[in-house]
Protein chains: 2
Amino acid sequence: MKALFEDLKKELKLRKIQLSHQRLKVLEYLTQNRSHPTVDQIFTDLHQEMSTLSKTTVYNTLRVLVEAGLVRAINIEDHETRYDINVENHGHFKCESCGRIYDFHTDLDALACDGLNNFLIKDRNVYFNGICPRCR
Amino acid sequence: MKALFEDLKKELKLRKIQLSHQRLKVLEYLTQNRSHPTVDQIFTDLHQEMSTLSKTTVYNTLRVLVEAGLVRAINIEDHETRYDINVENHGHFKCESCGRIYDFHTDLDALACDGLNNFLIKDRNVYFNGICPRCR
DNA sequence: ATAATAGTTGTAATCATTATAGATTTGCAA
DNA sequence: TTGCAAATCTATAATGATTACAACTATTAT
């Protein structure tokens with residue numbers, strides 16, 4: 001199911017998280033830009049139409065959204081965190097050549113993992129690296 | 001199979017990578033400290049016995065070892081890379097409470113992944129987050 | 001309406017990592 | 001062995017993403 005802006009707004013209301021103008025804009029941006037943007041990309045784009053927006057606010061908002069479980073942080077790259085509105089079960093592939101990050105479907109719950117009895121698993125991430133078809 | 005220091009040395013020789021004193025020390029450290037140390041931990045510990053060691057050398061050495069495929073970089077945390085001498089098929093679990101990183105066995109190759117036809121997969125990482133048994 | 005709380009902003013600080021340049025060591029040929 | 005080029009190491013400076021902070025603004029509750 002694609003996460004819809006209106007549904008996400010309801011979700012935030014339910015959790016008693018204030019729907020400020022800035023937060024809604026960031027959330028809307030993420031629903032419209034599913035290419036796993038960085039903070040800088042989000043900030044730069046939104047700054048065009050909201051000249052008073054602060055980068056700190058983008059950081060704060062993303063932290064709130066991640067904590068609320070509406071957004072997923074991707075650390076497939078060592079140096080810069082990316083954000084994904086899609087929190088469903090899926091993996092990420094990063095092309096070493098062009099840097100693009102692709103989603104792929106995979107069933108993480110089906111992944112057998114010995115040695116994690118009695119562990120409380122809250123979050124699962126699968127990151128692959130390699131070369132994408134366009135770059136081969 | 002546990003990676004043994006002597007075998008790793010041979011592997012480096014085969015690949016024509018110089019076995020400098022510093023590189024061997026870092027490699028030996030990793031075989032003896034399998035708790036996924038950070039650069040800072042490696043540097044601080046080795047600095048005790050090699051007072052002239054530079055942190056830059058630790059960074060350079062780790063890059064060489066990762067490129068040679070002898071060491072795996074772990075980016076389960078956003079802010080600091082950890083290093084693992086174990087490059088076999090396994091996943092990492094990070095406890096949100098105590099910060100410990102656990103290995104767990106899992107067969108990544110068996111992970112079905114739709115949408116990656118024609119992708120050249122070079123590396124697979126699985127990161128889980130949650131609470132470990134000690135902290136529950 | 002007013003006070004208290006939450007959110008935003010801009011700047012400064014932090015901190016892991018990388019760049020750089022000079023010093024040292026190593027490998028190899030004469 | 002000697003000498004030289006290439007590789008490695010070291011110390012310091014620079015970079016750049018993220019966080020801390022303090023003042024300001026908006027929202028909520030009484």
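Chain naming here is simple, since letters A, B, ... match the order of the sequence lines and numbering starts at 1 in each.
Between B:Thr38 and B:Gln41, the shortest heavy-atom contact is N-OE1, 2.9 Å. Listed here is the closest heavy atom pair of A:His47 and A:Leu53: ND1-O, 3.7 Å.
Comparing C:dT17, D:dC9, D:dA17 against the side chain of A:Tyr59 picks out D:dA17 as the nearest. For B:Ser20, the side-chain atoms get nearest to D:dT8 when compared with the rest of C:dT9, D:dT8, D:dA17. Taking only side-chain atoms of A:Val39, from C-beta outward, the nucleotide of C:dT9, D:dT18, C:dT8 with the closest atom is D:dT18. Closest contact between the side chain of A:Gln18 and the listed nucleotides D:dT28, C:dT9, C:dT18 involves D:dT28.
Contact check, A:Ser54 against C:dT8: no side-chain N or O comes under 4.0 Å of OP1 or OP2.
Each of B:Lys55 and B:Lys16 was matched to the nucleotide of DNA chain D holding its nearest heavy atom; the match closer to the 5' end belongs to B:Lys16. Mapped onto DNA chain C by nearest heavy atom, A:Thr52 and B:Leu19 fall at different nucleotides, with A:Thr52 at the one closer to the 5' end. In terms of position along DNA chain C, the nucleotide closest to B:Arg63 lies nearer the 5' end than the nucleotide closest to the other residue of the pair B:Arg63 and B:His21.
Note that CG of B:Leu116 and CD1 of B:Ile121 are 5.0 Å apart. Values are rounded to the nearest 0.5 Å.
Summarising the geometry, the separation between CG on A:Asp40 and C1' on D:dT15 is reported as 14 Å, rounded to the nearest angstrom. In this structure, CG of A:Leu62 is placed 15 Å from P of D:dA17, rounded to the nearest angstrom. Atom OH in A:Tyr83 sits roughly 10 Å away from atom C1' in D:dA17 (whole-Å rounding). Here the C1' atom of nucleotide D:dA11 and the CG atom of B:Leu53 are 12 Å apart, to the nearest Å. As a whole-Å value, the separation of A:Ile17 CD1 from D:dT28 C1' is 16 Å. Rounding to whole angstrom units, CD of residue A:Glu80 and P of C:dA16 are separated by 18 Å. Residue B:Met50 contributes atom CE, which lies 13 Å from atom C1' of C:dT25 at whole-angstrom precision. Nucleotide C:dT9 holds its P atom 11 Å from the CZ atom of A:Arg23, rounded to whole Å.
Using a 4.5 Å cut-off on side-chain heavy atoms (C-beta onward), B:Leu62 and B:Leu30 make contact. Contact check for A:His36 versus A:Asn33: no side-chain heavy atoms found under the 4.5 Å cut-off.
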### Query
Using a cut-off of 4.0 Å between protein heavy atoms and nucleotide atoms, how would you tag nucleotides 19-24 of chain C 5' to 3' with B, S and -?
B-----
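Salt bridge absent: B:Glu6 and B:Lys10 never bring a charged side-chain N and a carboxylate O closer than 4.0 Å.
Taking the six-membered ring for Trp and thresholds of 30 and 60 degrees, A:Phe93 and B:Phe119 have ring planes more than 60 degrees apart, a perpendicular arrangement.
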